Participant: 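Sending over a structure as structure tokens; questions will come in a sec.
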There are 2 protein chains.
Amino acid sequence: MSEQRQAESCEYLCVHQDTVEKVLDQMPPDEMLYDLAELFKVFGDSTRIKILYALFEEELCVCDIAQLLGITQTAVSHQLRVLKTNKLVKARKDGKNVFYSLADAHVYKIIGQGMEHIEE
Amino acid sequence: MSEQRQAESCEYLCVHQDTVEKVLDQMPPDEMLYDLAELFKVFGDSTRIKILYALFEEELCVCDIAQLLGITQTAVSHQLRVLKTNKLVKARKDGKNVFYSLADAHVYKIIGQGMEHIEE
DNA sequence: ATAATATATGAACAAATAATCATATGTGCA
DNA sequence: TGCACATATGATTATTTGTTCATATATTAT
């Protein structure tokens, strides 16, 4: 069926068939590219970026983050859930508080690379 | 005004004030974090990720990309515009064709870091 | 047990966005 | 000049998504 859609999409065939096939060979599976987009989507929101950046320094509880960013506790909780689901932060419960911290070093690296790009 | 919202956001002050202030000191300006989110938003769509990945190999014209991904030329053009606006791809005109290629090495690096994270 | 606080969650709403359709622009060729 | 093709663009629409509001859950102290 993918063949059909391709046929529809480009009727007049300017296409360099050999090039297209070569590139197609080296493309990762669709599912992986989809997951990758999903990951970047998580970074693609300023509230979540701010949360991640705040956690660069040290672990913070939900209410700390809310005050830090000047947004409601509810909004923070929702976004923390997104970040946690995508394994970008981890949670540590301590009494009534839940302290969040970065899950691993990839978060630094990804954000770092992004920073480099916009600083041009 | 930011002060007011902060006060509203956390009425019961579980907040560790010293920690919050320390983190606040080290946060980049809001505008930068906003730009950063905008950049990642561009990577946060599977069509655009596929286009970028396809361009890893070599430059491609619009119609090549359309066939490669099995989507319409119009959809490709729209997304290429987003990518170009954000300086992730550059265009080279050759007769009726417009060939697109990656704008710089950051694209590789950012996607590479993302890949590392999902491969776990 | 009850009250107070910290966090989480579900539903609803508003804003953002990606694809589609129709059409415009630009380029090469007869 | 006129036609065919490659790409771009504007408007519309359907979907996604972030916030808010109301409320639920969990923990501590009285």
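Every value quoted in this text rests on a predicted model; they were computed, and no experiment measured them. All heavy atoms count here, side chains included; hydrogens, waters and symmetry mates do not. A, B, ... follow the sequence lines: proteins, then strands. Residue 1 opens every chain.
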Participant: Per the atom types in the model, does the base of C/dA8 pair as donor or acceptor with the side chain of A/Q73 at under 3.5 Å?
Facilitator: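 Indeed, a donor on one side and an acceptor on the other fall under 3.5 Å apart.
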
Participant: Under 4.0 Å between a side-chain N/O of A/N97 and OP1 or OP2 of C/dT7, yes or no?
Facilitator: yes

Participant: How many Å lie between NZ on A/K84 and P on C/dT7, as a whole number?
Facilitator: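 Value for this atom pair: 13 Å.
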
Participant: Would you please name every residue forming a ring pair (Phe, Tyr, Trp, His ring centres under 6.0 Å) with A/Y34, sequence neighbours left out?
Facilitator: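 With neighbours one apart ignored, the set is empty.
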
Participant: Could you state the CD1-P distance from B/I65 to C/dA19, rounded to the nearest angstrom?
Facilitator: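 Interatomic distance, CD1 of B/I65 to P of C/dA19: 13 Å.
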
Participant: Check A/A37 against B/S46 and note the closest heavy-atom contact, atom names and distance.
Facilitator: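 Scanning both residues, the minimum pair turns out to be CB-N, 3.4 Å.
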
Participant: To the nearest Å, give me how far apart CZ (A/R48) and C1' (D/dG18) are.
Facilitator: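 To the nearest whole Å, that distance equals 8 Å.
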
Participant: Rounded off to whole Å, could you give me the CD-to-P distance for the B/E38 and C/dT17 pair?
Facilitator: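 It works out to 7 Å between those atoms.
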
Participant: Using whole Å, what does the distance between atom P of nucleotide D/dT7 and atom CD of B/E59 come to?
Facilitator: 12 Å

Participant: Please find out if less than 6.0 Å separates the ring center of B/F43 from that of A/H117.
Facilitator: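 No; A/H117 has its ring centre 6.0 Å or more from that of B/F43.
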
Participant: Rounded to the nearest Å, what distance is computed from the CG atom of residue A/L80 to the P atom of nucleotide D/dG18?
Facilitator: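 Roughly 13 Å, once rounded to whole Å.
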
Participant: Of all residues at least two apart in sequence or in a different chain, which pass the ring pair (Phe, Tyr, Trp, His ring centres under 6.0 Å) check with B/Y100?
Facilitator: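 Partners of B/Y100 under the ring pair (Phe, Tyr, Trp, His ring centres under 6.0 Å) test: none.
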
Participant: Which residue, A/V82 or B/F99, contacts DNA chain D at a nucleotide closer to its 5' end, judged by nearest heavy atom?
Facilitator: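 With A/V82 and B/F99 compared, the 5'-side residue is B/F99.
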
Participant: Tell me the ring pair (Phe, Tyr, Trp, His ring centres under 6.0 Å) pairs involving residues 57-82 of chain A, sequence neighbours left out?
Facilitator: none

Participant: Is there a donor and acceptor pair closer than 3.5 Å between the side chain of B/Q79 and the base of C/dA18?
Facilitator: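 Under the 3.5 Å cut-off, the side chain and the base do not form any donor-acceptor pair.
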
Participant: Among C/dT20, C/dA8, C/dA18, which is the nearest nucleotide to the side chain of B/D45?
Facilitator: C/dA18

Participant: Which atoms of nucleotides 10-16 of chain C (N or O only) lie under 3.5 Å from a protein N or O atom, and what are those distances?
Facilitator:
{"unit_1": "C/dG10", "atom_1": "O6", "unit_2": "A/H78", "atom_2": "NE2", "d": "2.9"}

Participant: Restricting to non-hydrogen atoms, name the atom on A/A91 and the atom on A/V98 that form the minimum distance, rounded to 0.1 Å.
Facilitator: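 Looks like CB-CG1, 3.8 Å.
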
Participant: Using the 3.5 Å cut-off, write out each protein N or O paired with an N or O of nucleotides 26-30 of chain D and the distance between them.
Facilitator:
{"unit_1": "D/dA26", "atom_1": "O3'", "unit_2": "A/K93", "atom_2": "NZ", "d": "3.3"}
{"unit_1": "D/dT27", "atom_1": "OP1", "unit_2": "A/K93", "atom_2": "NZ", "d": "3.2"}

Participant: How far apart are the closest heavy atoms of A/K41 and B/G44, and which atoms are they?
Facilitator: CE-O, 2.9 Å

Participant: At less than 4.0 Å, is any side-chain N or O atom of B/T47 found next to OP1 or OP2 of C/dA19? Yes or no.
Facilitator: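 So the side-chain polar atoms of B/T47 do come within 4.0 Å of the phosphate oxygens OP1 or OP2 of C/dA19, strictly under.
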
Participant: Could you tell me which residues satisfy salt bridge (charged side-chain N to carboxylate O under 4.0 Å, His left out) with B/D104, sequence neighbours excluded, listed by chain and number?
Facilitator: none

Participant: Can you tell me how far C1' of D/dT7 sits from CG of B/L83, to the nearest Å?
Facilitator: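 Distance check: B/L83 CG to D/dT7 C1' gives 16 Å.
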
Participant: So, is B/Y100 near the phosphate of D/dA8, with a side-chain N or O under 4.0 Å from OP1 or OP2?
Facilitator: yes

Participant: Whole Å only: how far is the CG atom of B/L69 from the C1' atom of C/dA18?
Facilitator: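 It works out to 14 Å between those atoms.
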
